[in-house]
Amino acid sequence: MSASFRRVTEYPEDQWLMLSGIEHFEYCQRQWALIHIEQLWKDNGLTTAGTIVHERADDYAQSETRGDLLILRNLRVFSATLGVTGACDVVEFRRSDSGATLRGRDGRWQPYPVEYKHGGAQPYNRAGHYQLCCEAMCLEEMLSCTIPAGAMYYNKNRRREVVEFDEELRQRVRDDLASMHALFERGYTPRVKRSKKRCRSCSLVDLCLPELGSSESASSYINDRIEEVAGGLNQKTAE
């Protein structure tokens with residue numbers, strides 16, 4: 001069947017995943033599963049710094065207009081085709097004949113998503129690019145427009161990195177989300193793929209428990225240990 005006549009599958013809302021999860025998935029599939037399937041989380045210095053950087057970017061009340069530039073912060077987006085929902089840190093809309101129509105505003109506006117990161121660009125880690133591209137694909141579906149590029153803003157050096165949304169990047173987003181949906185439906189947490197640099201920076205390093213392999217989930221292991229401790233305390237009390 002040709003691509004132009006291929007049936008588009010849409011996910012029901014109760015199966016939508018968190019859009020931000022694609023960055024976790026690209027960084028480490030096990031990390032994504034621990035957070036989004038097993039519901040485990042723990043902050044460290046890096047995640048706390050990231051939260052601080054996002055405070056202004058994620059404040060919708062600070063959206064503003066500067067002439068032909070409209071800046072919206074913490075803009076909620078979704079895609080039924082991809083089965084995701086979330087929020088863009090910042091979306092800049094510039095007046096353009098090739099842009100999209102916006103409710104309550106005259107003319108057409110070209111969207112340009114911007115994702116904020118607290119550190120600097122890391123050549124070995126392009127996880128944020130996939131999140132940014134996913135945001136653009138959601139906006140395209142919502143606004144019936146084409147978004148060729150967006151930007152990563154790195155707080156460390158206060159510079160932007162332009163990201164082109166080519167077909168290779170878009171297909172990687174589609175493939176990642178298909179894998180995420182499959183794992184989520186199974187409730188399966190992938191085995192760890194060790195990386196000294198990434199594991200050292202991960203806030204979940206103490207919860208990952210890579211020594212478990214594929215024998216059981218981290219949350220099951222933790223619950224079993226809690227029950228063992230509780231059982232021991234109850235036995236001592238009874239004695």
Side-chain angles (χ1 to χ4, degrees), residues 1 3 5-43 47 50-51 54 57-60 63 72-91 100 102-103 111 113 115-116 127-147 150 165 169-192 202-204 207-209 214 216-224:
M1 184 181 295
F5 291 98
R6 186 179 296 121
R7 181 180 179 182
V8 176
T9 301
E10 293 191 352
Y11 292 90
E13 288 188 41
D14 60 357
Q15 293 181 17
W16 290 359
L17 302 176
M18 291 300 298
L19 188 156
S20 59
I22 195 170
E23 181 176 11
H24 298 140
F25 190 81
E26 275 288 338
Y27 186 83
C28 172
Q29 293 186 16
R30 182 173 175 84
Q31 183 199 67
W32 169 80
L34 290 175
I35 295 171
H36 296 271
I37 295 178
E38 300 195 29
Q39 300 295 301
L40 298 177
W41 179 252
K42 182 180 179 182
D43 277 317
T47 60
T51 299
H54 281 77
D58 289 348
D59 186 355
Y60 185 81
S63 298
L72 297 182
R73 306 179 191 278
N74 194 30
L75 180 64
R76 302 296 303 181
V77 296
F78 67 90
S79 166
T81 302
L82 298 174
V84 292
T85 183
C88 303
D89 286 343
V90 170
V91 181
L102 300 179
R103 182 181 300 177
E115 182 67 19
Y116 279 59
H129 292 197
Y130 301 100
Q131 179 180 345
L132 183 67
C133 183
C134 188
E135 293 171 3
M137 293 168 74
C138 288
L139 286 165
E140 288 176 334
E141 185 173 319
M142 293 170 63
L143 300 175
S144 299
C145 65
T146 300
I147 305 175
F165 303 136
L169 186 59
R170 291 170 181 270
Q171 190 57 50
R172 180 67 170 264
V173 169
R174 298 186 194 102
D175 292 343
D176 277 356
L177 289 172
S179 297
M180 290 161 64
H181 277 287
L183 290 170
F184 194 88
E185 184 177 358
R186 292 171 55 198
Y188 177 75
T189 299
R191 298 180 63 179
V192 66
C202 181
S203 66
L204 301 184
L207 300 175
C208 181
L209 305 174
S214 59
E216 64 176 321
S217 69
S219 59
S220 296
Y221 177 87
I222 292 172
N223 289 333
D224 288 345

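Residues: numbered from 1 along the sequence shown.
Heavy-atom minimum distance, Ala87 versus Arg76: CB-NH1, 3.7 Å. Of all heavy-atom pairs between Ala136 and Phe165, the closest is CB-CE1, 3.4 Å. In this structure, Leu19 and Cys134 approach most closely via the heavy-atom pair CG-SG, 3.8 Å. Glu135 approaches Pro113 most closely through the heavy-atom pair OE1-CB, 4.2 Å. Contact record, Arg30 with Pro190: NH1-O, 3.1 Å, taken as the closest heavy-atom pair. Residue Leu139 comes nearest to Cys145 through the heavy atom pair O-SG, 4.3 Å, listed as atom of the first residue, atom of the second, then distance.
Every residue two or more places apart in sequence or in another chain that forms a side chain to side chain contact (heavy atoms under 4.5 Å, CB included) with Arg174 is listed here: Leu82, Met137, Glu167, Arg170, Gln171. Take His181 and apply the side chain to side chain donor-acceptor pair (under 3.5 Å) test, not counting sequence neighbours, and it matches no residue. Remark: Ser79 engages Glu141 in a side chain to side chain donor-acceptor pair (under 3.5 Å) (not counting sequence neighbours). By the side chain to side chain contact (heavy atoms under 4.5 Å, CB included) test, Phe184 is found to be paired with Leu17, Trp32, Ile37, residues two or more places apart in sequence or in another chain being considered.
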Trace of the side-chain contact (heavy atoms from CB on, under 4.5 Å) decision for Leu75 with Asp89: CA-CA 7 Å; Leu75 180 64; Asp89 286 343; over 6 Å; no
Give the C-alpha distance, both sets of side-chain angles, the deciding distance and a yes or no for side-chain hydrogen bond (donor to acceptor under 3.5 Å, both in side chains) between Thr189 and Glu38. CA-CA 8 Å; Thr189 299; Glu38 300 195 29; 2.6 Å; yes
Evaluate ring pair (Phe, Tyr, Trp, His ring centres under 6.0 Å) for Trp16 paired with Tyr11, printing each intermediate quantity in order. CA-CA 7 Å; Trp16 290 359; Tyr11 292 90; 9.1 Å; no
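The distance from the CD atom of Glu10 to the OG1 atom of Thr81 is 5.0 Å, given to the nearest 0.5 Å. For the atom pair SG of Cys88 and CG of Leu72, the computed distance is 10.0 Å after rounding to the nearest 0.5 Å. Taken to the nearest 0.5 Å, the CE atom of Met180 stands 14.0 Å off from the CD atom of Glu185. Between the NE2 atom of His24 and the CG atom of Leu34 there is a distance of 11.0 Å, given to the nearest 0.5 Å. Remark: Asp175 CG to Tyr130 OH distance equals 10.5 Å, nearest 0.5 Å.
For the pair Leu177/Val84, a side-chain contact is recorded, criterion being any heavy-atom separation below 4.5 Å from C-beta on. By the 4.5 Å heavy-atom criterion applied to side chains, Phe78 and Met142 are counted as neighbours.
Side-chain atoms of Gln29 do not come within 3.5 Å of backbone N or O of Glu26 as any donor-acceptor pair. At distances below 3.5 Å, not a single donor-acceptor pair connects side-chain atoms of Asp176 with backbone N or O atoms of Ile22.
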